[in-house]
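These notes are about the structure you will find just below.
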Amino acid sequence: MRTDILAAPPPAPIDNTWAAPPIAVGIFAVLAVAALALAFSARGGIRNQADYLLAGRRIGVGQNALAHVAGGIMYSTVIIIVGHVALNGFDAILLLTAFVMSTVLAVLIYAGPMRNLNAYTIGDLFVIRARERPARMASAVLTLVIFGMFNVIAVGSMGFVASRMFTTSPTVDVPVVALTVGIVGVIAIAAVYVGGMPGVTRVLVLKVSLMMAFVAVLTIAILARYKLNIFDLLNDAEANAAPNPRGELLTTGRLFGEGATVNSDQDPWVHLSKAFAIAVGAIGMPFLFMRFFMARSGRAARQTAGWAAIITIGFWACMVVIGLGAVAILGGDAIGKVAAHRDITLPKITDELGGSWATGALGAIALLSVGAIFAVLLLNAVTSVTRDLRAARGRPDDRPAELKDMRRNVLIIGIASLVGGMVMMTQLTHIFIPTSIDLGAACVLPAVVYSLFWRRYNTSGLMWTVYGGLAVTLFMVVFSNGVSGDPTALFPDADFKFVDFEPGLLGAPLGFLFGWIGTVTSRERNDAAFREMRVRSLTGATVPARQEPEQAATPSLNGLDRAGRTLSETH
Amino acid sequence: MGSGGVVDTGDSTTAGDQYSAVYDSAQFQALQRRSNTFIVWASVLFYGWWFTGIVLAAFAPGVFRQGVGGPLNVGILFLVLSFVLVGVVCLAYMRFASKRLDPVSDRIRADLEGGLR
């Protein structure tokens, strides 16, 4: 019972008793039309770069908070996590609290200050503290590397939803999956092309409203079965869970205990490091924190993050109830019993409680959800290309990109990433999510914290943080069990791994260390820029008073001497 | 403190000089200290609490396995408290910032930007 379940490649075919393809297709068709209508409805308000990429920084707190929560709702954080909780109980819930923890970093550090700087990307923070070109390149590299990996996951997630909810086939039904991914991908690209960020924000609000309503109803249905007696639910969950030698369902041990990781002697560090990396790295995803830049002010950004955190708590508390409810009601043998089958638990409990209309609705909402993630990632990549790469190539800031250029980029990047993502679907690429989060912990967090708070930080420090963190993370990932030495690895037949723990555990402190070394070994220092950054990030003030860099022409006053650097330092 | 202007923002000074002057003002220094103090303490206490929890779960599972009645144990209480604490920290910071930070930063911003109009 112990190792056989985790070490059985490939996962056994499933007996799909829940999918209701006609209903799911019907509901999704309605949602797709609604999403496109929302995107088109936003078209008229788009006049310039800020409108297209940041919805004109005019999104209200409530809508923005909902959209921010929507950015975190994807296949892994909803459908897989329910199965994870049902299978691994306490330790899985602990991992889930890590996601909730990461929202606090958003509230305290990421949201307000960067919005006050009128940022589009972290590059706008970096350029105040470092020379423009390397700063812009660092931002582009981080944003696009994370985009590249997450995009593969987003496209793959569409495939998973199609495979579990839009066909009853026990194995992967390739035509259905390919067709679904193709259609959803094209709809998402069209929505981004037409509606830009304002349109996609409305789609996100639609998505999160439907998903929250669905999850709330499911939670209430489960609690109603137990007549609101949560103790009975917990007792049943504990009693009905499949036995596991590492621990009871509601005690710690199933993921921390010895033997939880295949072919490894690094437990309990493996699970500990996963929780750590998520807690410090998850908010470092550029496609997540860019949401704060769309708030009306730094204060609104802070409130966006705060209310999003509170919604997040409620949403993922429901996930816990659903996960434990699933094992309590269905029993440990009926839920997904291996890691690769964790995603059948939510559909099964939905089917048990609500029948085929409920599973059809879940399938349609889930497909809208992952499609919206693909759209958000695409906009994030286009923002970085438009802002960071343009500036890195020396295009002046006072001549912003034109709408048609950005829309052309949407088509190019969108089609390339859809095709690339579909090609990668044949590979076991689950490693890309944790790796992105590791980069959030090892590169983004140290670079942002140093940029915002350390007077001495400079170009060299930024380079060391970003590329040093990137290098150690990728090094550890190459030698991790996501790449080799594990039946679910990218190369399951090879074995050159020695890192089972999540690289972010070492990457985050190393990122800070590299940043410090790089900084103190360079003579460059710039107190004036630090002072400017502090004043601007805390008050939102800009001198001369102006609303947006691209709306009022930027006077030469804000050129080189603004940062106070001498010419020799700049070139 | 007051609306009398924290700094002389004459038209002849450069932007960098103006930022620098504001940065040195007592009003801004107080604002910065207040903000940083909250961020540091909230981060240390809050993450300290949670890191202690995951280290206990990993290396001293006995602590979390102790029952406290019914299906509950110390670990479950830790999880529930963690959820609650996130809400408390977020609400506390939003309240603190809108009462103690925003009025000061608004004044500084008005002085700085108003000086050029």
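Computation of the quantities below employed the complete heavy-atom set of this structure, encompassing side-chain atoms and omitting hydrogens, waters and symmetry-equivalent molecules. A quick note: this is a predicted structure, and the numbers were derived from the prediction, not measured.
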Partner chain B: residue of A/Leu234, A/Val320, A/Ile109, A/Leu94 with the largest heavy-atom pair count (under 4.5 Å): A/Leu94
Candidate pair A/Trp269 and B/Phe59, rule ring pair (Phe, Tyr, Trp, His ring centres under 6.0 Å), full reasoning: CA-CA 9 Å; A/Trp269 288 99; B/Phe59 297 103; 5.0 Å; yes
Which residues share a ring pair (Phe, Tyr, Trp, His ring centres under 6.0 Å) with A/Phe512, sequence neighbours left out: A/Tyr450
Nearest non-hydrogen partners of B/Ser105 and A/Leu538, listed with the distance: CB-O, 3.5 Å
Side chain B/Tyr19, main chain A/Arg534, donor-acceptor under 3.5 Å: no
Nearest atoms (heavy-atom pairs only) where B/Pro71 meets A/Leu250: O-CD1, 4.2 Å
Residues forming a side-chain hydrogen bond (donor to acceptor under 3.5 Å, both in side chains) with A/Arg455, sequence neighbours excluded: B/Tyr23
Under 4.5 Å from a heavy atom of chain B, the part of A/Leu105 involved: both
Report, one line per pair, each donor and acceptor closer than 3.5 Å where one atom sits in a side chain of residues 78-85 of chain B; sequence neighbours left out.
| unit_1 | atom_1 | unit_2 | atom_2 | d |
| --- | --- | --- | --- | --- |
| B/Ser82 | OG | B/Trp49 | NE1 | 3.3 |
| B/Ser82 | OG | B/Phe78 | O | 2.9 |

Where B/Ala57 and A/Phe256 come nearest, the two heavy atoms and their spacing: CB-CE1, 3.5 Å
Minimum-distance pair of heavy atoms, taken over all atoms of B/Glu113 and A/Ala541: OE2-CA, 3.4 Å
A/Thr542 side, atom OG1; B/Gln18 side, atom CD - distance, nearest 0.5 Å: 11.0 Å
4.5 Å side-chain heavy-atom contact, B/Asp24 and A/Arg531: yes
Shortest non-hydrogen contact between A/Val543 and B/Ala15, atoms and distance: O-CB, 3.8 Å
Neighbourhood of chain B inside residues 297-308 of chain A, taking heavy atoms under 4.5 Å as contact: A/Arg299, A/Arg302, A/Gln303, A/Gly306, A/Trp307
